Amino acid sequence: MKTLSRKVADIAPSATIEISDRAAQMRAAGIDVIGLSIGEPDFPTPAHITRACIDALERGETHYAPSPGIPALREAIADKLQRENNIPCTAGQVVVACGAKDSIYETMEAVLNPGDEVLIIDPSWVSYEPCVQLAGGTAVHCSVRETDFQVDDRLLEALSPNTKMIVCNSPSNPSGAVMNDASLRLIADAAMDNDCYVLSDEIYEKLIYGKTHVSIGSFDGMADRTITVNGFSKAYAMTGWRIGYAAAPEPVAKQMIKVQQHTISHPATFAMHGAVAALTGDQQCVEDMRREFDIRRRYLIGALQAMGYETAPAEGAFYAYVKTGGDDMAVSGEWLSNAHVAVTPGTAFGTPGWVRLSYAASMDRLREAMQRIAALTE
Ligand code: PMP
Ligand code: GLU
């Protein structure tokens with residue numbers, strides 16, 4: 001047989017998905033595994049959103065739609081970005097894709113040429129680097145400060161004449177940290193001084209505790225070099241709907257639309273009608289879920305610290321990022337095998353020594369998980 005694609009052979013499988021699949025297999029074998037490895041809200045999608053989707057299905061919205069998304073959704077997204085995020089944006093710049101993950105991949109395809117470097121700030125979500133690699137680019141990593149998880153001059157040192165894009169993700173998966181103004185300013189200045197794009201992944205913007213979300217695309221001079229990515233999975237508990245979006249400078253959006261025309265065409269038409277209801281309907285459901293996550297966050301961080309663990313600033317998203325003081329692969333392996341608690345090792349996010357626990361799980365399960373982990377060391 002001839003050799004399969006080297007490009008695909010060279011990318012790592014998604015650690016978040018692999019570990020939760022392993023937990024699911026253990027569960028199927030009758031083991032009571034507590035799954036804290038995947039970032040997925042455990043709430044149902046709010047009823048008015050599912051209703052809008054069902055109505056669309058019943059109206060016969062079951063055919064092809066315009067490739068960049070239905071006009072009502074692109075308009076609602078542009079309106080949201082202008083109103084809430086202060087990002088100058090028209091509906092024509094919005095490309096609706098099958099999840100924010102797809103938007104990130106399409107961005108890389110639209111922007112990168114072989115030899116182009118993309119700067120990724122660690123700890124970073126597992127799929128950025130594979131998306132860069134699939135699009136033929138090269139990922140270059142720099143780290144945040146371990147004390148406050150903000151960026152510093154190491155970002156500038158990692159830049160090269162080949163840097164084409166900087167990926168920025170606040171609130172962060174996996175650390176939960178929220179970038180302060182100085183970090184965002186440093187990234188924006190670096191992008192302007194070095195003529196780079198910024199991909200700003202803001203999927204956790206609504207899940208933020210005691211901080212205010214700021215979009216780098218709203219900074220002076222950044223509108224024509226920022227691709228803002230967001231979606232419905234986290235804020236509206238719509239992971240299975242597979243709807244995300246990018247708002248990009250027009251030339252980038254045009255490239256993304258071509259990629260989309262030849263690949264996914266567009267997300268499911270009726271699902272996009274549900275997404276319109278999510279954005280234009282009552283936002284209380286988002287706040288209710290945020291409050292519940294906040295209660296769990298306080299409990300989990302408190303319990304971990306009481307066990308003596310150091311944690312990253314848990315200011316956003318739904319993750320506790322924990323310093324293990326040892327080998328994260330061994331620790332997460334031990335927790336899964338001996339405590340039946342699934343977590344994701346920090347190695348998958350570029351920071352060995354740490355593990356990520358998702359608190360998108362019920363309080364009962366979180367309590368039980370903490371008891372099981374504590375029992376291991378007794
Ligand atoms: N970005 C980050 C930081 C994420 O954690 C996720 C979670 N899956 C995504 C993007 C993609 O989300 P989705 O494709 O479900 O919209
Ligand atoms: N983003 C979530 C996580 O990090 C979902 C899984 C994935 O798509 O990676 O767990």
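These numbers come from the heavy atoms of this one structure, side chains and all, not from hydrogens, waters or symmetry mates. Along the sequence shown, the residues carry numbers beginning at 1. Note that the structure is a prediction, hence the values are computed from the model and not measured. First listed ligand is number 1; within each ligand, the first listed atom is number 1.
For ligand 1 and N173, the ligand atoms under 4.0 Å from any heavy atom of the residue are 3 (C), 4 (C), 5 (O). Using a 4.0 Å cut-off to heavy atoms of Y319, the atoms of ligand 2 that qualify are 2 (C), 3 (C), 4 (O), 10 (O). Atoms of ligand 1 found under 4.0 Å from any heavy atom of Y128, numbered from 1 in the order shown, are 3 (C). With ligand atoms numbered from 1 in the order given, ligand 1 contributes 14 (O), 16 (O) to contacts under 4.0 Å with heavy atoms of G99. The distance from ligand 2 to the heavy atoms of I38 drops below 4.0 Å at these ligand atoms: 5 (C), 6 (C), 10 (O). Within ligand 2, the atoms closer than 4.0 Å to a non-hydrogen atom of K101 are 7 (C), 8 (O), numbered from 1 in the order shown.
Of all protein heavy atoms, the one lying nearest to atom 2 (C) of ligand 1 is D201 OD2, 3.3 Å. Closest protein heavy atom to atom 7 (C) of ligand 2: T16 OG1, 3.4 Å. Given atom 12 (O) of ligand 1, the protein heavy atom at minimum distance is I203 CD1, 3.6 Å. Among protein heavy atoms, the minimum distance from atom 8 (N) of ligand 1 is reached at K234 NZ, 3.3 Å. Ranking the protein heavy atoms by distance from atom 16 (O) of ligand 1 puts A100 N, 2.7 Å first. The single protein non-hydrogen atom nearest to atom 6 (C) of ligand 1 is W125 CZ2, 3.6 Å, given as residue, atom name and distance. Of all protein heavy atoms, the one lying nearest to atom 2 (C) of ligand 2 is K234 NZ, 3.4 Å. Annotation: atom 14 (O) of ligand 1 to nearest protein heavy atom, R242 NH2, 2.8 Å.
Within the 4.0 Å heavy-atom cutoff, Y204 counts among the residues contacting ligand 1. Not a single heavy atom of T239 sits under 4.0 Å from any atom of ligand 1. Put simply, no part of G244 is less than 4.0 Å from ligand 1, judged by heavy atoms. At least one heavy atom of S233 sits closer than 4.0 Å to an atom of ligand 1. Look at W241 and you'll find every heavy atom at least 4.0 Å from all atoms of ligand 1.
On a distance-only criterion, V126 and ligand 2 share no N/O pair closer than 3.5 Å.
E18 and R22 are not joined by a salt bridge, as no carboxylate oxygen comes within less than 4.0 angstrom of a charged side-chain nitrogen. Salt-bridge formation is not detected for the pair E202/K80: no Lys NZ or Arg NE/NH1/NH2 atom is positioned less than 4.0 Å from an Asp or Glu carboxylate oxygen. Salt bridge status for D55 with R51: present, with a side-chain N to carboxylate O gap under 4.0 Å. Under a 4.0 Å N-O distance rule, the pair D181/R185 does not qualify as a salt bridge.
Side-chain atoms of S103 and E106 include no donor-acceptor pair closer than 3.5 Å.
For R291, the side chain to side chain donor-acceptor pair (under 3.5 Å) partners at least two apart in sequence or on another chain are E287. I208 pairs by the side-chain contact (heavy atoms from CB on, under 4.5 Å) definition with P171, V178, K211, H213, not counting sequence neighbours.
By the 4.5 Å heavy-atom criterion applied to side chains, E61 and M272 are not counted as neighbours. Side-chain contact between Y209 and L207 is present, with heavy atoms from C-beta onward closer than 4.5 Å.
The ring pair (Phe, Tyr, Trp, His ring centres under 6.0 Å) with Y319 is formed by just one residue from the set F349, Y204, Y359, F293; it is Y204.
L36 and I17 are members of different hydrophobic clusters when ILVMFWY side chains are connected at heavy-atom separations under 4.5 Å. One hydrophobic cluster, built from ILVMFWY side chains closer than 4.5 Å, holds both M222 and V252.
At a heavy-atom cutoff of 4.0 Å, ligand 1 is contacted by no atom of F318, backbone or side chain. Contact annotation: for N173 versus ligand 2, heavy atoms closer than 4.0 Å belong to the side chain alone.
Distance check, rounded to the nearest 0.5 Å: CD of E250 to CD1 of I257 gives 9.0 Å.
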